Amino acid sequence: MSKFKRHLITAALPYANGPVHVGHLAGCYLPADIYVRYLRSKGEDVKFICGSDEHGVPITIKAKKEGITPQQVVDKYHGMMDASFKEFGISFDIYSRTSKKIHHETAAGFFKTLYDKGVFTEEVTEQYYDEKANQFLADRYITGTCPKCNNENAYGDQCEKCGSSLSPTELINPKSTLSGEKPVLKKTKNWFLPLDKMQPQISAYIESHKDWKSNVYGQCKSWLDQKLQPRAMTRDLDWGVKVPLKDAEGKVLYVWFDAPIGYISATKELLGDDWKKYWQDKESRLIHFIGKDNIVFHCIIFPAMLMAHGEYITPDNVPANEFLNLEGDKISTSRNWAVWLHEYLEEFKGKQDVLRYALCANAPEAKDNDFTWKDFQARNNNELVAILGNFVNRTLVLSEKYYGGKVPQADEYNKNDLYLLEELKKFPDKISASLDAFRLREALSELMNLARAGNKYLADNEPWKIAASDEKRVRSVMNISLQVCASLSVLMEPFLPFSAAKLGGMLNLKGLRWRDAERTDLLKAGHQLGTASLLYDKIEDEVIEAQVNKLHESKKMNATPSSILPQKAETSFDDFSKMDIRVGTILEAERVPKTDKLLKLKIDTGIDQRTVVSGIAADYKPEEIIGQKVAILVNLAPRKIKGIESQGMILMAENAEGKLAFVSPTRDINNGGLIK
RNA sequence: UGCGGGGUAGAGCAGCGGUAGCUCGUUGGGCUCAUAACCCAAAGGUCGUAGGUUCGAUCCCUACCCCCGCUACCA
């Protein structure tokens, strides 16, 4: 039925610097798994590819911090992720890793092909080099004073204090984090993918996929409208895939060049020579499941690489999800604000499907969504237990009671029966339509509608009431209810594979395909059913409260230690006394238009009244700070901000969350009073 | 600030030109086979704001506001 002979489905390669959390699952692994299981159930030829992304700078930094090698870092997390995906029922055909030999060969080969075809442009730039450590420094390995806010601990790519994005050469007093030495500028050559020149064909490619999700298509359009820029595909670093050229000593492939090729090398590893069918045959369909942070790489850069190579098909669809928040706050690995999959699996043994259900029902398909434990509990208790589990349970309990677990013979169908059976036949196609359009939440809710229909049918026909008076009728009602259970067991498999298997066991059915779900004779009269047991248990309030508490405690623990910055370099009293800090009073305050954080203040410094622009609007409203006593550095060189000359700087204290507070004398000191 | 996504009942979402719909929650009733489960019914929305196009707008156009992401600013 599909115009494609085979499907290659990938899920974003998770970065091997931390374990898997619910955000990852909801973003791409669960949707991809549901889609793949659905295709398999339809009998399609499908391969599901994933693996750990093990290169890139953050891993080398993490290794340094923990005093181990990068290889040890990735080994640890690769093992964890592999195991927890497996236990959660993410049914990869292969879960590989980019540190494997086959990947290094494939990625290097791919690069070499592009190089030989003359695709790349070469550019020599000046980069910082650490002479003591004998290597070029990635942006993150350089710290120095931020030229914008004087923060002495700014990184080469970004100042975390003021948020400015920087280039390493802008830093004042740059320092290598490897040796502490001052790095020197040294020329280095890198290879660029000329996306600017490829813009026409990339545009044509994107334009031919207007059917993509609006968040994906919109993001791509935005990049194209801003004109693509050449992008460096190599880096001066020693952790990664070596650039396969003679004059490229000490260089590796850019992670975003190397990572998507991981899909290709994993396919090779899985299939041997057959891999080409999936990547190079026009009748193959390539689909990437990713989170929104990866859209550009999968929709523009990777397709550009594939086109430049020439022998590959391009992604047919990239159904990217938005982000999942947790209890109202962004999920963060470093702040330990997350529900970790390996911990969930430990604490909720056998409840994989509950999390699968909660995440799918609330997946961030169109916008960011919030995962809350309360919602998780409600989904389980009010939907899985009360609707799906209950329908199956009441049907099987009655069958056991009336017929000793043997499927009864249906006699004549009445109006009610025919109506339900007609409805039943529509479900596989209805759910298919939603799944084919990557509307998984909708598909899941359709599935639940079948269970709802079953519950209603039982309530309307009340077999328990007529059990004694009309045995014939009861046999028909129970037969039909059992057929609905059988269809459910097939249709729920992509979403709830563990429950589907359990239900299959209770019904003593297996090996059914998607199409079978529309049949109304899956269970023959006389067929012996297995033993009934509950599909889902209620989750009590205490369990949920415990999880919420755990979350908040870990947040508290993380808030304090890591956020205290180390002491700055020693300074002299002379240097300190150059600062002229005075007590002042805020006379006027107003928002600087078109900015989020800036206030324009008029301050009485005792010396004069002057204008100061200050980034405090997130914490203070203009009207509430009039009359506030402040500490002000008055002899700071004036600087124009948003066209307003700022003549000084207000001193602010900052807590771990970045909240600001005025520094102000505790007894009444007149304006102009010296702070020393 | 620029770009993208989003703003629809208490919560989560669908609808995207013809007098607002789904799930959960709430309230009332029924039932008792079933895990205090199930079934029925009701309440609850001026569809972010203001203009415009149209016989008619939640849906199209314009401006603005709010939330999220990337980006800028944050002395």
Side-chain angles (χ1 to χ4, degrees), chain A residues 148-150 159 161-165 213-226 291-293 295-296 320 322-323 325 330 361-370 372 374-375 378-387 389-402 439 441-442 444-446 448-449 452 454-465 467 474 477-478 481 532-538 592-599 601 611-618 632-633 636-642 644-652 658 660:
Chain A
K148 312 221 166 123
C149 73
N150 286 335
C159 170
K161 176 119 176 273
C162 71
S164 317
S165 71
K213 288 178 58 176
S214 55
N215 57 343
V216 178
Y217 180 76
Q219 185 86 77
C220 293
K221 276 297 271 182
S222 141
W223 271 71
L224 291 170
D225 290 346
Q226 283 166 49
K292 68 171 159 189
D293 50 339
I295 289 174
V296 197
E322 301 282 300
F323 281 154
N325 293 326
K330 256 184 275 190
N362 191 30
E365 285 178 3
K367 63 173 187 194
D368 290 359
N369 272 137
D370 205 18
T372 63
K374 213 173 142 247
D375 177 71
R379 297 274 180 201
N380 180 74
N381 293 355
N382 304 332
E383 299 180 29
L384 287 178
V385 172
I387 297 167
N390 193 232
F391 169 65
V392 168
N393 187 238
R394 56 203 299 216
T395 304
L396 286 169
V397 167
L398 285 175
S399 302
E400 179 63 38
K401 193 156 145 190
Y402 297 156
R439 291 197 294 259
R441 306 167 57 127
E442 184 181 274
L444 181 61
S445 107
E446 279 302 337
M448 294 305 281
N449 283 342
R452 287 189 183 98
N455 274 321
K456 183 167 159 48
Y457 176 76
L458 277 180
D460 289 347
N461 293 284
E462 301 181 301
W464 49 89
K465 247 187 186 167
V474 173
V477 172
M478 292 315 300
S481 299
S533 63
L534 296 177
L535 280 181
Y536 307 101
D537 301 309
K538 280 201 85 155
V592 177
K594 310 270 189 195
T595 63
D596 290 342
K597 298 189 190 167
L598 294 183
L599 289 184
L601 308 174
T611 301
V612 170
V613 177
S614 184
I616 57 176
I632 172 169
L633 178 59
L636 182 66
R639 180 169 165 148
K640 264 202 172 174
I641 298 161
K642 281 278 157 190
I644 304 163
E645 187 171 87
S646 179
Q647 303 155 317
M649 177 169 124
I650 307 275
L651 268 51
M652 304 297 295
L660 299 173

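None of these values were measured; they are calculated from a predicted model. Below, chains carry the letters A, B, ... as their sequence lines are ordered, and counting in each starts from 1.
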Could you write out each protein N or O paired with an N or O of nucleotides 39-42 of chain B at a distance under 3.5 Å?
| residue | atom | partner | partner atom | Å |
| --- | --- | --- | --- | --- |
| B/rC40 | OP1 | A/K456 | NZ | 3.3 |

*asked:* I need a per-nucleotide contact map over nucleotides 57-63 of chain B, read 5' to 3'. Cutoff is protein heavy atoms under 4.0 Å; write B for the base, S for backbone only, - otherwise.
replied: -------

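- Take A/E446 and apply the side-chain hydrogen bond (donor to acceptor under 3.5 Å, both in side chains) test, not counting sequence neighbours, and it matches no residue.
- Using a 4.0 Å heavy-atom distance criterion, A/E383 is classed as a sugar-phosphate-only contact.
- Side-chain contact between A/V477 and A/Y457 is present, with heavy atoms from C-beta onward closer than 4.5 Å.
- Under 4.0 angstrom from either OP1 or OP2 of B/rU35 there lies no side-chain N or O belonging to A/N381.
- Annotation: side chain to side chain contact (heavy atoms under 4.5 Å, CB included) contacts of A/Y217 (sequence neighbours excluded): A/I206, A/E207, A/K210, A/W212, A/K221.
- The residue A/Y536 sits close to a base: some heavy atom pair falls under 4.0 Å.
- Of the C1' atoms belonging to B/rC67 and B/rC31, the separation is 45 Å, rounded to the nearest Å.
- Checking B/rG12, B/rA34, B/rG25 against every side-chain atom of A/N393, the shortest atom distance belongs to B/rA34.
- Checked against side chain to side chain contact (heavy atoms under 4.5 Å, CB included), A/K374 has the following partners two or more places apart in sequence or in another chain: A/T372.
- A side-chain donor-acceptor contact under 3.5 Å links A/R394 and A/N455.
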*In dot-bracket form, how is RNA chain B paired, counting a Watson-Crick or G-U wobble pair only if both its distances are under 3.5 Å and using | for bases paired to another strand?*
.(((((((.[[[[.)..(..]]]].(((((.......))))).....[[[[[..)....]]]]])))))).....

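- Taking atom P on both B/rC40 and B/rC55, the two are 44 Å apart, rounded to the nearest angstrom.
- Taking 4.5 Å as the limit, every side-chain heavy atom of A/N393 sits out of range of all side-chain heavy atoms of A/L535.
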Can you pull every protein N or O that's under 3.5 Å from an N or O on nucleotides 5-10 of chain B?
| residue | atom | partner | partner atom | Å |
| --- | --- | --- | --- | --- |
| B/rG5 | O2' | A/A366 | O | 3.0 |

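- Partners of A/N449 according to the side-chain hydrogen bond (donor to acceptor under 3.5 Å, both in side chains) rule, which considers only residues two or more places apart in sequence or in another chain, are A/R452.
- Dashed line: the shortest gap from a side-chain N or O of A/K538 to OP1 or OP2 of B/rA37 is under 4.0 Å.
- In terms of the side-chain hydrogen bond (donor to acceptor under 3.5 Å, both in side chains) criterion, residue partners of A/E322 (sequence neighbours excluded) are, by chain and number, A/N215, A/K292.
- In terms of the side-chain hydrogen bond (donor to acceptor under 3.5 Å, both in side chains) criterion, residue partners of A/D460 (sequence neighbours excluded) are, by chain and number, A/K456.
- For the side chain to side chain contact (heavy atoms under 4.5 Å, CB included) test, residues two or more places apart in sequence or in another chain that qualify with A/E462 are A/W464, A/K465.
- With sequence neighbours excluded, the residues forming a side chain to side chain contact (heavy atoms under 4.5 Å, CB included) with A/A532 are A/L396, listed by chain and number.
- Within 4.0 Å (heavy atoms only), A/L444 reaches no atom of the nucleic acid at all.
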